[in-house]
Amino acid sequence: MDSFLQSLNIQVITDIAIVALRILIPILGVIVVFQCYSSMRRQRRDEKPLIMLENAANGQVLPVLCWENSVGRAKGNDIVISDDLTVSREHCVILRRKEGWFISDTGSKTGTYVNGKRTEGRAPIYINDEITIGKDTFVLKRAQDYTDVNRSWFYRKEGGKEGIAPFALMMLISIFTLFMATEACLSIEATDFQPLIIFAVFMVVAWAFYIVSTQVFKRVGFELEGLALFLTAIGVMLSVRQGLHQTYVQIIACAIGMAVFCFMIKFLQNPDRVNKWRLAIMIIAVILLGVNIVFGSVRGGAANWIMIGGMSIQPSEFVKIAYIFVGASALDQLQTRKNFIVFIIFSAICIGALFIMSDFGTAVIFFGTFLMISIVRSGDYKTVVVSIVGAIFGGLLILRFKPYIADRFSAWGKAFENSADKGYQTARVLTYAASGGLFGCGLGNGYLKYVAASESDLVFGLACEELGLIVALTIAGAIGGLFFYARAITTKSRSTFYSISACCAAGLLILQTSLNIFSATDILPLTGVTLPFVSVGGSSMIACWGLLAFIKAADERTYSIKKR
Amino acid sequence: MFVFVLALFFFAGIIFFTANISINAGSWVQHSYNGHLSGSGGLEKAGKIFDRNGVVLAQTADGERYYNDDYETRLSTLHVVGDNSLNISTAVQSVYRSELTGFSYIWGLEMPETFRGGNNLTLTIDSAACKTAYEALGGMEGAVVVINYKTGEVLCSVSSKSYDPNDPPEINEDNEDEYDGVYLNKVLSSSYTPGSIFKLITTEAALENIPDIDSRTFECSGSAVIGGNEVTCMSSHGLIDIHDGLAQSCNIVFAQLAYELGRDKMTEAANKLGVNSSFDVGHTPTVKGNYNVKNADDNQLAWSGIGQYTDLTNPMQMCILMSAIANGGNRAEPYYVERMGGGDFEKQYPSEKNGEAMLESDIAQKLNDMMRYNVTSNYGDSMFGGLTVCAKTGTAEVQDGESNDAWMVGFVRDEDTPLAFAVAIEDGTFGISTAGPVAVAAVQACAEDMLANG
């Protein structure tokens, strides 16, 4: 015992502290992400039908579950009337707006009638109105007159424990970040307390955002924002020991992103307003891409940067937001042919522009998002087949003309054989990721940070090395979980605009994360895209907050509960 | 739907990566560019390395790694022990670095020093025998390996050229010729033109495929036209059978046999005796040799039977073949690490496993006797002191024609000194005169140690 006490010198105490931090950081990280998602699951009310359609002839009742419902003979509709050939495949849409319920015929052959009168455009409907679709006539009824047990599996039953309060979540994230900052101060080469200053600056931004969100806008949930802050905190702390300038830029970008997030949620409140702006957004996006092509400068093989007043920005990141705006629409507009053609043309312009810039990674993301939107919108698999064929041709062209990309494909899966040249980056990612173990070698102690692009394209490896596999997997889980969340909220959101945009924004983030993680770890060829929120990069950070706004907007609590 | 597939793909990828890193982390970290391992190489707290007699070959004191006190011992054991870097990738300090440093995937490579603690390693080698072999090489470059063919323990393993791990050379563009191949453990990782030692393989093919081979005679007049072109012999042996042919190392006999047996049977024999295979020695694979006569013309096929053409063999591989002949057909499984442990647990290497059968026992016995006859009739027993040695030498013309690879391979028949050996020396004169004395020195040193220490 005496000898044990004697051995407790400063060195030993610091070592014990370091190991304690290394273990605590992953534990806290897992808790934060877990709390975010379990809170999303809890704070829900049950999914009940909003109104009912009662068949006047036989008394059969069809529940109307969503704010926007397609009606028709095809199986993909929300309300299916299958046994009547006079009903068109996509006949009409029943939708709810602030003013009440409407019915809108979507080009059916036999027309839609309300109280015996054929409708044109959106027609208001009221309780006990008679709606005739094909041969059948339905009476609109209140949902309270019936009981139903349709519930999404993602949500817990009513009466469960309350989810974590936003304030507690913020505290957890703050402690988590403080731990990381402390660990960065204790790193091998450290002689300063810069990480703690960065921590303070970041906390000012984060708490300001929290206060604005909860007090000024009176929003109820803070889980999505919490996830984003959690990921941003990791990115910021990974960057501290690499360069202070880039870290401050990252925090400023985060603040701008938060502002964009708040603005977009306000803007998205009315899907019909969004529809009016659709053309303007498209034009802005095309101009952005045009400016990029004309003035763009080449970095890392892709000409996707433009310099404005000493700041370098990546316009294609912002076009991602525009792309989702254009792709999503309210259901009754969605089913028109014109809407779809406009979307296809816009997709072609975007992907074409990215090919010109030879930004291969982002082109893949856009293409993936294009597929997602196409399927979510129409379920028309012909379009998908055509686009896949198109993509294969596009891919072949790239391989043919761009030796740079062919190079990366040729080194794919053989990182260690080519560790001196083509596989330089991936070989180091794997080696250093393995060197980190489960708990990491400590912030600032890594060697991957000396490899080019380690703060952006290879950041997953950096997280593995310095924070350990557990934190790295938590990052992946935090982003991957967005998919389940988006899927769960979309069944209840007020408009298909929200459903589509949320699903596709989540899909885009996951696709981007997949490309980032798997290309850095040699599971896919190296493409060079950022890891959402974590990678250093101002444009990317802002765009990620923008994309998150789509998911937030689809959450029905965002606009409804705050009124109470 | 597509989003669902995407999510599935995402999580599958993450699981794949997690599994991959969990399984391979140990090997992924072992790269010379890894910053966590450079400098003192993470060996600040690494355990000691002992030879079979408890001689300390490497140890850490005050955060520095020190190697054996004796200069020649350091140089002779370098390629087995390794240095601070990971440059010698087959050395135990590279292969077992995780175990030595106490690396576990859970904690990664940068544990604070307080919590580090490594394991000790006990090797199978006898450092005194290594030193003797190294001295016998006298500056010549090549490889010496001696194993116990009953147990598989590697007793002596020396690769030259070497350097002092206490003072490793800075290798740059100016001196890279001088240090060419210095990071290779030539015992495991180099292959040489076998020359006459390959006649053992041709003999095996003949014993297996030609029923009346014992009664056959060949005529050697110093050269012969086989397959449309000339094959030459060192002397004119006249009428000669396969036994004397092997003992006298007559080229004509074996060139004729290779031509007669044909490509398929020769390739079959070479594959069976492991020429084209890699053998795992501990966790380290040997380099593959080469026997490929697919595109050889008939004359080249004949030359391939006497270990020329494109033939290549590796010293450890040959030593394994010797163990199979000595063991009645079953090969030994050589290993370098006897024991590992620190504190409570001790791992025993290797797992108990009998060597696989490499050739039929009757053929092994015939080859055994023929190799014994080589010594009694040609090399002379006196050369090996009191040991009953069976051997074959080889003098291989290297492609440039200016220098020879000198070989001697064989084994000791005696029950109490079951040693198999292989010696390959670059730029030698003749197998018997260049490799012979080195083999004798190494085998005698191992035998002495074995008789003294049991």
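Just so it is clear: chains get the letters A, B, ... in the order the sequence lines come, proteins before strands, and each one is counted from 1.
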*Asks:* Against chain B, label A/Ile517 side chain, backbone, both or neither, depending on which of its atoms sit under 4.5 Å from a heavy atom there.
*Replies:* side chain
*Asks:* Can you tell me how far the CG atom of B/Asn20 sits from the CD1 atom of A/Ile523, to the nearest 0.5 Å?
*Replies:* 6.5 Å
*Asks:* Select one option (side chain, backbone, both, neither) describing which atoms of A/Ala427 are under 4.5 Å from chain B's heavy atoms.
*Replies:* both
*Asks:* Just so I understand: if I count every heavy-atom pair under 4.5 Å between each of A/Thr521, A/Leu524, A/Asp522 and chain B, which residue has the most?
*Replies:* A/Thr521
*Asks:* So if I take each residue of residues 10-19 of chain B and look for any heavy atom under 4.5 Å from a heavy atom in chain A, which residues do I end up with?
*Replies:* B/Phe10, B/Phe11, B/Gly13, B/Ile14, B/Phe16, B/Phe17, B/Thr18
*Asks:* With a 4.5 angstrom heavy-atom cut-off, which part of A/Tyr424 approaches chain B: side chain, backbone, both or neither?
*Replies:* neither
*Asks:* Taking distance alone, no hydrogens or angles, what donor-acceptor pairs closer than 3.5 Å link side-chain atoms of residues 463-471 of chain A to residues at least two apart or in another chain?
*Replies:*
residue: A/Glu465; atom: OE1; partner: A/Tyr447; partner atom: N; Å: 3.3
residue: A/Glu465; atom: OE1; partner: A/Leu448; partner atom: N; Å: 3.1
residue: A/Glu465; atom: OE2; partner: A/Tyr447; partner atom: N; Å: 2.8
residue: A/Glu465; atom: OE2; partner: B/His36; partner atom: NE2; Å: 2.6
residue: A/Glu466; atom: OE1; partner: A/Gly444; partner atom: N; Å: 3.0
residue: A/Glu466; atom: OE2; partner: A/Gly446; partner atom: N; Å: 3.2

